[in-house]
Amino acid sequence: MDKSCSLILSAARLLSEKEGALMKGNSLIILHQIIIMFLLMGAGSVLYRLGIIDGNGSAQCSGILTKLVSPCVIINSFQRAFEPELGRTLVWQFLFSLLGFGIMIVLSGLVFREKRFANAPDLRMCTVFTNNGFMAIPLVSAMFGSMGVFLSTVNIAASTILVWTWGVCNLSGGKGKISLSKIFVNPGTIGFCIGLFCFLTPFKLPSIPAEAVSFVADLNTPLAMIVLGCFLAQSGIKACLMDKQLYFLSLTRLVLFPLVLVPVMLSAPVDLTAKVCLMIGFAAPAAVLAAMFAQMHHTDYLYATKIVAHSTLLSAVTMPLVIALFTVLAA
């Protein structure tokens with residue numbers, strides 16, 4: 001009896017130590033990314049205050065990011081040999097990514113109604129779409145290597161397609177229905193289809209075009225952060241920290257929605273690595289694209305910028321906790 005109790009206590013202690021090491025490692029990676037993000041945002045803020053970039057310049061950079069750079073990120077990630085088992089996992093990752101975003105779209109519609117919030121469309125965008133590239137990719141890379149990065153790009157592809165369909169419809173006030181042309185003829189879907197074709201077939205981009213696509217894809221993080229810094233210069237970081245509503249919005253994005261998705265992602269018929277990659281994408285802070293699309297559609301992009309910055313700061317605490325909880329449950 002005493003021996004059994006001793007074994008149980010030892011196992012519990014080992015599990016606790018493993019969880020602690022996992023959380024500490026994830027926290028350091030997230031903190032590292034947050035520091036880089038705010039340094040790049042600071043550069044963008046300085047450029048705006050010096051008049052090197054103005055409102056029109058930041059809008060043009062947003063267009064380049066959403067219509068060229070983002071599709072190149074997806075195409076670049078799919079330049080690898082096809083494997084049947086990996087293909088099956090990819091399909092499930094994509095379906096459960098769409099399911100996860102779909103659930104958050106429904107929840108955001110229930111929570112952020114126009115009758116209660118004047119800028120409800122922007123709040124929905126910021127709580128549905130996540131920074132599943134810049135914040136999630138370094139984490140999955142450290143945890144699972146190149147395979148984790150590849151599996152996470154499916155979540156990025158799903159969100160890119162939805163931001164160009166539901167996202168555009170949401171910001172336009174629902175004036176137009178989501179047509180087939182919006183679903184299939186947009187940069188996100190086109191980039192995903194090209195990337196998927198390259199993955200499923202022997203065809204791969206020749207070395208020179210592939211290198212060009214890779215260079216454009218590398219612009220994603222620095223250019224996005226600089227644009228966000230331009231936006232933040234117009235609103236101020238102090239205003240972010242003093243706004244009580246931002247804490248509610250950030251916790252909705254970082255804690256409430258991810259916890260709702262935990263049982264859904266646990267039910268995905270994929271291995272542990274794929275499940276954790278899915279959850280990391282949904283636990284990330286508000287997407288930079290949410291602020292950029294808000295500017296493109298002339299909604300409250302400055303407030304959207306505050307949500308992005310605020311949720312990014314809080315994610316240093318919430319992401320390690322959510323990921324550690326999910327990893328233990330999934331294992």
Side-chain angles (χ1 to χ4, degrees), residues 61-83 86-102 125 128-141 144-168 181-225 227 274 277-278 280-282 284 287-290 292-293 296:
C61 288
S62 296
I64 293 171
L65 277 161
T66 55
K67 296 176 182 178
L68 175 64
V69 177
S70 186
C72 284
V73 170
I74 297 171
I75 294 170
N76 188 54
S77 67
F78 279 82
Q79 300 300 304
R80 61 185 298 152
F82 174 75
E83 300 171 28
L86 186 56
R88 186 192 75 85
T89 301
L90 202 69
V91 171
W92 283 116
Q93 290 287 96
F94 184 68
L95 292 176
F96 271 79
S97 291
L98 291 178
L99 177 61
F101 284 116
M125 290 288 287
V128 168
F129 296 111
T130 70
N131 198 351
N132 51 10
F134 181 71
M135 293 299 293
I137 293 298
L139 264 178
V140 297
S141 178
F144 307 116
S146 60
M147 179 56 67
V149 174
F150 175 67
L151 292 174
S152 293
T153 57
V154 182
N155 189 268
I156 298 172
S159 65
T160 304
I161 292 170
L162 288 172
V163 80
W164 277 101
T165 50
W166 175 82
V168 170
S181 62
K182 285 183 179 179
I183 294 174
F184 294 108
V185 186
N186 65 74
T189 305
I190 292 171
F192 178 70
C193 289
I194 294 172
L196 191 62
F197 175 78
C198 292
F199 174 66
L200 295 176
T201 67
F203 175 82
K204 299 293 179 286
L205 291 178
S207 59
I208 294 177
E211 192 170 353
V213 168
S214 178
F215 279 136
V216 174
D218 289 341
L219 290 172
N220 188 55
T221 294
L223 193 56
M225 295 305 111
V227 170
C277 288
L278 273 171
I280 289 174
F282 288 122
V288 178
L289 277 179
M292 294 180 184
F293 269 76
M296 289 166 59

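Note that the coordinates shown come from a computational prediction; the quantities given were computed from them, not determined experimentally.
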Which pairs would a plain distance check flag for residues 191-198, meaning a side-chain donor or acceptor within less than 3.5 Å of a matching protein atom at least two apart in sequence or in another chain?
none

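Under a 3.5 Å cut-off, the side chain of Thr130 and the backbone N or O of Gly281 do form a donor-acceptor pair. Side-chain atoms of Ser214 never come within 3.5 Å of backbone atoms of Ala210 as a donor-acceptor pair (strictly under, hydrogens ignored).
Here the CD1 atom belonging to Ile64 is positioned 9.0 Å from the CG atom belonging to Leu219, to the nearest 0.5 angstrom. One distance of note links CD of Glu211 with CD1 of Ile208; it measures 8.0 Å at 0.5 Å rounding. Going from atom CE of Met292 over to atom OG1 of Thr66 covers 8.0 Å, rounded to the nearest 0.5 Å. A distance of 4.5 Å separates NZ of Lys67 from CE of Met296, quoted to the nearest 0.5 Å.
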Problem set entry | Criterion side chain to side chain contact (heavy atoms under 4.5 Å, CB included) on Trp92 and Thr89, from CA distance to verdict | CA-CA 5 Å; Trp92 283 116; Thr89 301; 5.9 Å; no
Exercise. Where do Val128 and Leu162 land on the side chain to side chain contact (heavy atoms under 4.5 Å, CB included) test, with the steps shown first?
Worked result: CA-CA 10 Å; Val128 168; Leu162 288 172; over 6 Å; no
For this session: Verify side chain to side chain contact (heavy atoms under 4.5 Å, CB included) between Ser97 and Leu278, making sure each step is shown before the conclusion.
Result: CA-CA 7 Å; Ser97 291; Leu278 273 171; 3.3 Å; yes
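For Ala158 against Leu98, the heavy-atom pair with the smallest separation is CB-CD2, 3.9 Å. Asn131 approaches Ala284 most closely through the heavy-atom pair O-CB, 3.6 Å. Smallest separation of non-hydrogen atoms from Cys277 and Phe144: SG-CD1, 3.8 Å. Closest approach of Met125 and Val163 over heavy atoms only: CE-CG2, 3.7 Å. Across Phe82 and Leu200, no two heavy atoms sit closer than the pair CE1-CD2, 3.7 Å. The minimum heavy-atom distance linking Asp218 with Pro222 is given by the pair O-CD, 3.4 Å.
Note: Phe78 and Phe150 have perpendicular aromatic rings, judged against thresholds of 30 and 60 degrees for the angle between ring planes. Ring orientation note: the planes of Phe129 and Phe101 are tilted relative to one another, at an angle of 30° to 60°.
Applying the side chain to side chain contact (heavy atoms under 4.5 Å, CB included) test between Ser77 and each of Thr153, Leu151, Val154 identifies Thr153 as the sole match.
In this structure, the side chains of Gln93 and Asn155 stay at 4.5 Å or more apart for every pair of heavy atoms. For the pair Leu86 and Leu90, the minimum side-chain heavy-atom distance is 4.5 Å or more. Side-chain contact between Trp164 and Thr189 is absent, with no heavy-atom pair separated by less than 4.5 Å. Inter-residue side-chain proximity for Ser159 and Asn132 is flagged as met; some heavy-atom pair is nearer than 4.5 Å.
Within a 6.0 Å radius of CZ in Phe215, no more than 12 heavy atoms belonging to other residues, nucleotides or ligands are found.
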